Amino acid sequence: MKMSKSKILVVGGTGYIGKRVVKASLDQGHPTYVLMRRELGFEIEKLQMLLSFKKQGAHLIEGSFSDHQSLVDAVKQVDVVICTMSGVQFRSHNILLQLKLVDAIKEAGNIKRFLPSEFGIDPSRMVSDVDYGKETFEDKMIIRKAIEDAKIPYTYISANGLGGYFVGNLSQFGSLVPPKEKVSIYGDGNCKACFMDEDDVATYTIKTIDDPRMLNKTLYLRPDENIVTQNQLVEKWEKVSGVTLRREHISKEDFLASMKLDMDEAIRAALARIYHIFYEGCMMNFEIEEGEEASKLYPEVRYTRMDEYLARYL
């Protein structure tokens with residue numbers, strides 16, 4: 001007898017990852033609910049997106065992080081909660097707001113899986129010699145502790161680098177599109193990293209929902225063909241575009257010095273991410289032992305390769 005699919009509530013459904021998670025949930029046949037926050041005000045783009053979700057079959061649930069009971073009532077209508085609130089400093093940094101969601105889930109007592117807002121570098125493995133931007137990882141660990149202390153069933157998603165931020169621009173700071181003439185290479189450019197198509201992140205996320213293998217585990221999105229160095233990323237762009245770029249290498253010492261200049265702290269935190277990835281190798285400096293790798297667990301998903309991702313920028 002075929003089991004019915006879990007009801008999913010997406011919190012932060014109008015965001016960069018959230019809107020993709022809503023679509024993936026609908027595409028995979030889950031009854032899908034999206035929290036419509038009362039504080040929406042005059043944000044018409046978000047409202048129109050929410051209404052488009054409704055037209056596609058999603059259910060909108062009104063609630064507010066300033067109204068505990070509204071969150072409890074929302075949670076009681078579903079089986080699974082996925083939170084996709086922003087955790088990057090240069091947009092909005094709302095990670096700790098999830099503590100209110102944890103309280104609501106604990107009181108409701110019916111949730112069989114909670115996926116908090118992670119979708120990046122695994123915060124439990126972050127050891128760095130720079131402190132800039134560390135509050136993102138610290139806050140995510142605070143949320144993890146709250147979840148586990150409350151004995152809420154969970155799945156953590158480590159998506160590593162999102163293509164929109166690191167691939168289309170060849171990981172150049174200050175732009176989201178490919179450079180025209182020269183490219184900055186961090187160190188020798190041979191530090192391995194892993195980058196993902198955002199739609200694939202959402203697809204893999206929803207795959208975990210009714211999978212008992214992912215109960216209280218981390219899913220690492222680290223498919224073999226998307227593990228690349230910055231040099232290889234640049235070479236892929238040159239191949240698909242026919243453009244040859246001039247390389248300018250930035251030493252570790254020079255990059256660290258640049259981070260100490262006078263700048264907004266959100267910008268400094270963004271530079272720190274580049275340092276973590278391309279100088280420290282934070283995405284690939286460990287073996288997966290206490291979690292699962294997405295492409296091996298779900299081989300039926302045809303994930304986007306990075307040359308395909310780059311071809312969108314032609």
Side-chain angles (χ1 to χ4, degrees), residues 15-17 85-98 117-145 158-196 198 222 227-235 237 245-286 306:
Y16 184 58
I17 292 297
M85 298 171 70
S86 176
V88 291
Q89 285 88 344
F90 59 85
R91 298 188 69 172
S92 58
H93 190 76
N94 297 319
I95 295 297
L96 291 183
L97 199 56
Q98 291 179 103
S117 185
E118 297 222 352
F119 305 103
I121 300 165
D122 183 353
S124 71
R125 295 187 174 273
M126 277 306 301
V127 178
S128 175
D129 55 11
V130 300
D131 289 335
Y132 308 129
K134 68 177 182 178
E135 60 271 14
T136 297
F137 305 115
E138 292 174 342
D139 288 356
K140 287 181 177 181
M141 291 307 295
I142 289 171
I143 298 303
R144 284 192 179 194
K145 185 177 187 303
S158 176
N160 289 304
L162 301 177
Y165 287 116
F166 293 104
V167 176
N169 58 358
L170 307 184
S171 299
Q172 303 301 284
F173 187 74
S175 175
L176 292 176
V177 295
K180 302 291 186 184
E181 297 177 354
K182 68 178 181 178
V183 58
S184 295
I185 301 294
Y186 307 116
D188 63 8
N190 291 324
C191 192
K192 289 184 178 180
C194 184
F195 305 110
M196 294 297 300
E198 292 82 352
R222 208 161 85 172
I227 297 172
V228 294
T229 66
Q230 191 190 11
N231 283 331
Q232 289 171 334
L233 193 62
V234 172
E235 289 165 6
W237 171 245
L245 297 171
R246 185 173 77 255
R247 276 86 163 152
E248 292 188 355
H249 290 263
I250 304 175
S251 71
K252 177 179 179 179
E253 293 72 24
D254 286 347
F255 194 89
L256 282 170
S258 73
M259 294 171 65
K260 296 176 182 178
L261 299 174
D262 184 31
M263 66 183 76
D264 186 276
E265 287 305 310
I267 301 300
R268 204 186 315 275
L271 285 172
R273 293 299 172 272
I274 292 176
Y275 182 80
H276 297 323
I277 295 166
F278 294 106
Y279 292 98
E280 295 182 319
C282 66
M283 293 179 179
M284 297 299 300
N285 61 2
F286 64 93
M306 290 302 99

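The structure displayed is predicted, hence computed values, not measured ones.
A distance of 10.0 Å separates NZ of Lys192 from CG of Asn190, quoted to the nearest 0.5 Å. Here OG of Ser124 is found 11.0 Å from CZ of Phe137. Values are rounded to the nearest 0.5 Å. Taken from CG in Asp139 to CG in Leu97, the straight-line distance is 11.5 Å, to the nearest 0.5 Å. To the nearest 0.5 Å, atom NZ of residue Lys140 and atom CD1 of residue Ile121 are 8.0 Å apart. Residue Ser171 holds its OG atom at 9.0 Å from CD1 of Ile185, rounded to the nearest 0.5 Å. Remark: Leu261 CG to Leu271 CG distance equals 9.5 Å, nearest 0.5 Å.
Counting all heavy atoms, side chain and backbone alike, Met284 lies closest to Cys194 at SD-CB, 4.5 Å. Shown here for Leu170 and Pro179, the closest heavy-atom pair between the two residues is CD1-CD, 3.8 Å. The two residues Ser158 and Gly120 come nearest to each other via the heavy atoms OG-O, 3.0 Å. Across Ile227 and Gln232, no two heavy atoms sit closer than the pair O-OE1, 4.2 Å.
A search for side chain to side chain donor-acceptor pair (under 3.5 Å) contacts involving Asp264 returns nothing, not counting sequence neighbours. Annotation: salt bridge (Lys or Arg N to Asp or Glu O under 4.0 Å) contacts of Glu235 (sequence neighbours excluded): none. In terms of the ring-ring contact (aromatic ring centres under 6.0 Å, His included) criterion, residue partners of Phe286 (sequence neighbours excluded) are, by chain and number, Tyr220. Every residue was checked against the salt bridge (Lys or Arg N to Asp or Glu O under 4.0 Å) condition with Glu181, not counting sequence neighbours, and none meets it. Under the side chain to side chain donor-acceptor pair (under 3.5 Å) criterion, Gln230 pairs with no residue at all, not counting sequence neighbours. The side chain to side chain donor-acceptor pair (under 3.5 Å) search around Asp188 returns none, not counting sequence neighbours. Contacts of Tyr275 classified as ring-ring contact (aromatic ring centres under 6.0 Å, His included), with partners at least two apart in sequence or in another chain: Tyr279. For the salt bridge (Lys or Arg N to Asp or Glu O under 4.0 Å) test, residues two or more places apart in sequence or in another chain that qualify with Lys145 are Asp149. Among residues two or more places apart in sequence or in another chain, the ring-ring contact (aromatic ring centres under 6.0 Å, His included) test is passed with Phe278 by Tyr186. Qualifying salt bridge (Lys or Arg N to Asp or Glu O under 4.0 Å) partners for Arg268, counting only residues two or more places apart in sequence or in other chains: Glu265. Residues satisfying the side chain to side chain donor-acceptor pair (under 3.5 Å) test with Asn169, not counting sequence neighbours, are none. Scanning for side-chain contact (heavy atoms from CB on, under 4.5 Å) contacts around Pro178 gives Trp237, Tyr313, with sequence neighbours left out.
Side-chain N/O atoms of Thr136 and Arg273 include a donor and acceptor closer than 3.5 Å. No hydrogens or angles considered: nothing links the side chains of Thr229 and Asn231 as a donor-acceptor pair under 3.5 Å.
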Open item on the list: With side-chain contact (heavy atoms from CB on, under 4.5 Å) as the criterion, how do Arg144 and Glu118 come out once you've worked through the C-alpha distance, each side chain's angles and the decisive distance to 0.1 Å?
Closed with: CA-CA 10 Å; Arg144 284 192 179 194; Glu118 297 222 352; 2.8 Å; yes

Task: side-chain contact (heavy atoms from CB on, under 4.5 Å) evaluation trace for Ser117 with Ile95 - done: CA-CA 7 Å; Ser117 185; Ile95 295 297; 4.2 Å; yes

Open item on the list: Test salt bridge (Lys or Arg N to Asp or Glu O under 4.0 Å) on Glu248 and Arg246; report intermediate values, then the result.
Closed with: CA-CA 7 Å; Glu248 292 188 355; Arg246 185 173 77 255; 3.6 Å; yes

TODO: For the pair Lys182 and Leu245, evaluate side-chain contact (heavy atoms from CB on, under 4.5 Å) and give the outcome as yes or no after the intermediate values.
DONE: CA-CA 5 Å; Lys182 68 178 181 178; Leu245 297 171; over 6 Å; no

TODO: Evaluate the side-chain contact (heavy atoms from CB on, under 4.5 Å) criterion for residues Ile277 and Cys191: first the C-alpha distance (whole Å), next the side-chain angles of each, then the deciding distance (0.1 Å), finally the verdict.
DONE: CA-CA 8 Å; Ile277 295 166; Cys191 192; over 6 Å; no

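Taking the six-membered ring for Trp and the full ring otherwise, the centers of Tyr165 and Phe173 sit at least 6.0 Å from each other.
Using a 4.5 Å heavy-atom cutoff, the side chains of Asp122 and Met126 are not in contact.
Counting only distance, with no hydrogens or angles, the side chain of His276 and the backbone of Cys282 share no donor-acceptor pair below 3.5 Å. In this structure, the side chain of Arg222 engages the main chain of Met283 through a donor-acceptor pair within 3.5 Å.
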